[in-house]
Amino acid sequence: MSNLTILRTYALKDPATLPASILFSNTDSTLTIYDAFPKSLFHFLVLPRASAPLETNELASLITLLRGDRTRAKQVISSLNEAAKSLRKEIEAEMVNRYGFKWNIWTGFHAVPSMQHLHLHVLSADLCSEKMKHKKHYNSFHPKLGFFLHMDEVLSWLDAEDSYFTTMAKLDPAPYEALLKENLACFHCGSAMKNIPALKAHLQMEWDTLATRGKAQLARKRKLEEKHAAAGTDEGRGPPKKQKSDQ
DNA sequence: GTTCTAGAAC
DNA sequence: GTTCTAGAAC
């Protein structure tokens with residue numbers, strides 16, 4: 001992507017004018033689009049739409065938003081969070097449709113964004129993608145490294161006392177950028193990976209293991225449901241167990 | 001983002 | 001010799 005302001009142009013447009021290949025869904029205050037370079041099997045961006053009193057300058061990034069009015073920042077982040085929640089439900093349904101099981105979904109911001117206009121990443125926890133080519137791509141989504149700021153963490157800053165909020169909201173790029181150069185380590189098991197091709201092969205193996213386990217689990221669950229249905233009871237046919245949030 | 005390339009790693 | 005990374009140019 002050569003155009004660093006493309007997200008802003010989307011945010012200013014009438015969502016009805018955006019092609020279906022870009023726009024997934026929208027609300028009055030948010031847009032959900034497909035990431036043009038998905039780094040996982042599922043990867044979306046949720047953006048705040050620009051509308052008064054929100055200036056595009058204030059929505060340029062997490063830093064600019066947090067530098068402005070805290071209540072307004074909280075409203076923006078909360079609206080992104082709500083859109084992300086319903087998006088995750090749709091992703092989970094599609095996980096079952098396409099792959100026969102569901103796995104975790106991460107929701108968060110890059111500490112140092114590469115494009116203008118605030119965007120929340122919502123992506124499946126696999127990092128298996130053709131587009132994942134460089135160390136910085138991988139490290140920017142590693143869920144424990146610190147560059148990827150999980151939604152729950154950012155929300156906690158907004159509810160914290162002033163001194164903590166101010167400290168976290170600074171988001172000085174230098175220490176975060178240094179994280180992108182950290183050695184490659186598998187986010188599942190922590191083992192060190194000597195290079196990107198080795199990492200990608202390992203991640204694929206980790207995901208295949210998850211898939212095998214997940215499909216077997218779902219098959220057992222369905223069998224149990226059938227058994228209960230045959231016995232004429234409603235047991236096991238209730239709503240699915242509430243999933244732990246993925247932050 | 002991609003392409004190109006020097007030099008490191010193997 | 002081949003594979004891989006990382007920085008520069010675009």
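Basis for what follows: all heavy atoms, side chains included, without hydrogens, waters or symmetry-related copies. Below, chains carry the letters A, B, ... as their sequence lines are ordered, and counting in each starts from 1.
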* To do: Could you tell me whether A/K200 contacts a base, only the sugar-phosphate backbone, or nothing, with contacts defined as non-hydrogen atoms closer than 4.0 Å?
  => nothing
* Asked: Do A/H121 and A/H119 have ring centroids that are under 6.0 Å from one another?
  -> yes
* Identify, with sequence neighbours excluded, every residue that meets side-chain contact (heavy atoms from CB on, under 4.5 Å) alongside A/E94. => A/F42, A/N97, A/R98
* Are a donor atom and an acceptor atom from the side chains of A/T30 and A/R49 found within less than 3.5 Å of each other? -> no
* Asked: How would you label the contact of A/K133 with the nucleic acid (heavy atoms, under 4.0 Å): base, sugar-phosphate, or nothing?
  -> sugar-phosphate
May I have the list of side-chain donor-acceptor pairs in residues 182-200 of chain A shorter than 3.5 Å, sequence neighbours left out?
from   : atom 1 : to     : atom 2 : distance (Å)
A/N195 : OD1    : A/A198 : N      : 2.9
A/K200 : NZ     : A/S129 : O      : 2.8
A/K200 : NZ     : A/M132 : O      : 2.8

* Structure fact -> Between A/C128 and A/W207, the two heavy atoms sitting closest are SG-CB, 4.0 Å
* What is the distance from CG of A/D35 to C1' of B/dG1, rounded to the nearest Å? -> 12 Å
* If you look at every strand shown and take non-hydrogen atoms under 4.0 Å, does A/K194 touch a base, only sugar-phosphate, or nothing? -> nothing
* To do: Send over the distance from A/M193 CE to B/dC10 P, rounded to a whole Å.
  => 15 Å
* Minimum heavy-atom distance between A/L120 and A/A84, given as atom pair plus value -> CD2-CB, 3.8 Å
* To do: Let me know the distance between NE2 of A/H43 and C1' of B/dG1, rounded to the nearest Å.
  => 14 Å
Any N/O pairs under 3.5 Å between the protein and nucleotides 3-8 of chain B? List them or say none.
none

